[in-house]
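First comes the structure, then the notes that go with it.
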There are 2 protein chains.
Amino acid sequence: MQRILIDMDDVMADTSQKILNMVNDTYNSHYTKEILIADAQIREEYQEKYQPQRHRLWEKGFFRDIPLMPDAQEVVAKLYEKYEIFVVSAATEFPNSLAEKFEWLEDYFPYIGWTHTVFCGHKWMIRADYIIDDHEKNLINFQGKGLLFDAVHNKHITDFQRVNSWKDIESLLL
Amino acid sequence: MQRILIDMDDVMADTSQKILNMVNDTYNSHYTKEILIADAQIREEYQEKYQPQRHRLWEKGFFRDIPLMPDAQEVVAKLYEKYEIFVVSAATEFPNSLAEKFEWLEDYFPYIGWTHTVFCGHKWMIRADYIIDDHEKNLINFQGKGLLFDAVHNKHITDFQRVNSWKDIESLLL
């Protein structure tokens, strides 16, 4: 059985959307992913607003109510029938997130369970046939096939096969 | 640089001693590791006392004040000079333990940091040259060299190279 490592933030969970909502609530602004993708100047302006809010990722509760990425639940359930699935999240940077991320997984992906959940920093020492991740750094030293999950922050990366959605992953792997 | 995976419970941290203390405090008993190793009947009696207390491993606080394993601090610091070290703890079974284990590591092994800390269930997909672990299940499917850290519960295992202490590890790897 082939093994797939699946990242949480910005792959299973729409963490960028939660951050956008946080920034918009704080500044009474109306940023959207579409606007950020379309306009480099607005993207820079958004980053300046986001940076002073970034500490809130370390606060209790932040990771407990991240919205699901569209179609993630449906496609991961199908992948689970044909592949060995490990959820691999670089979560140890946010110690308060660890229990919250586990509870989040229990809510939406209860069949994965603690045995197949990995909270780590680097991912390069974990072996699998595929990794689905939004960060180039996690694909560069990966020894299997890396699939870059499309995100606002990775539009400039061209070295890896890009998947734009869970429907894309379904077509590719199922 | 060769990579070593180091387990926490009963390798870096003397979790069995904390459990012994918990049982002794609860039953006003005087079990010691030495007695449990020496006498199979007392071991069985101890297990009967421990089982109804086992739920306390899931409670908040349990993993925050585990005593250090003798010489772990000194020898891990030396290994860190010559090897790439990842702490790999099967901690996702105990979601409340995750932040506590991270804080514990920050106290005693602050140089390891979040990038080299892994909380997981299975360990078989993590590749390294060595794993130091007290559980046979984590050595069986490991693709490098497994070193079984001596513990009351693994005295019967003969399939792996046994290390009796951190001083043993120092002699072997340094």
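Quick caveat: nothing in here was measured; it's all calculated off a predicted structure. Note on naming: letters A, B, ... go to the chains in the order of the sequence lines (proteins, then strands), and numbering restarts at 1 for each one.
Across A:Val88, A:Ile126, A:Val118, a single residue satisfies side-chain contact (heavy atoms from CB on, under 4.5 Å) together with B:Cys120, and that is A:Val118.
Taking hydrophobic clusters as Ile, Leu, Val, Met, Phe, Trp and Tyr residues chained together by side-chain heavy-atom distances below 4.5 Å, B:Val75 does not share a cluster with B:Ile131. Residue B:Leu5 is not grouped with residue B:Met69 when hydrophobic side chains (ILVMFWY) are merged at heavy-atom distances under 4.5 angstrom, including chains of intermediate members. Following chains of ILVMFWY side-chain contacts shorter than 4.5 Å, one can reach B:Val163 starting from B:Met8, so the two form part of one hydrophobic cluster. The hydrophobic clustering, which links ILVMFWY residues whose side-chain heavy atoms are closer than 4.5 Å, places B:Phe109 and B:Val87 together. Both A:Ile85 and A:Phe119 belong to a single network of hydrophobic side chains, linked directly or stepwise wherever heavy atoms of I, L, V, M, F, W or Y lie under 4.5 Å apart.
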Between chain A and chain B, identify every pair of one donor and one acceptor N or O atom lying under 3.5 Å apart.
| residue | atom | partner | partner atom | Å |
| --- | --- | --- | --- | --- |
| A:Glu84 | OE2 | B:Trp124 | NE1 | 3.1 |
| A:Thr92 | OG1 | B:Trp114 | O | 2.7 |
| A:Trp114 | O | B:Thr92 | OG1 | 2.7 |
| A:Thr115 | O | B:His122 | N | 3.0 |
| A:Phe119 | N | B:Phe119 | O | 2.7 |
| A:Phe119 | O | B:Phe119 | N | 2.7 |
| A:His122 | N | B:Thr115 | O | 3.0 |
| A:Trp124 | NE1 | B:Glu84 | OE2 | 3.1 |
| A:Met125 | O | B:Arg127 | N | 2.7 |
| A:Arg127 | N | B:Met125 | O | 2.7 |

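Looking at A:Ala99, both its backbone and its side chain come within 4.5 Å of chain B, counting heavy atoms on both sides. Neither the backbone nor the side chain of A:Phe94 comes within contact range of chain B; no heavy atom of the residue lies under 4.5 Å from a heavy atom of that chain.
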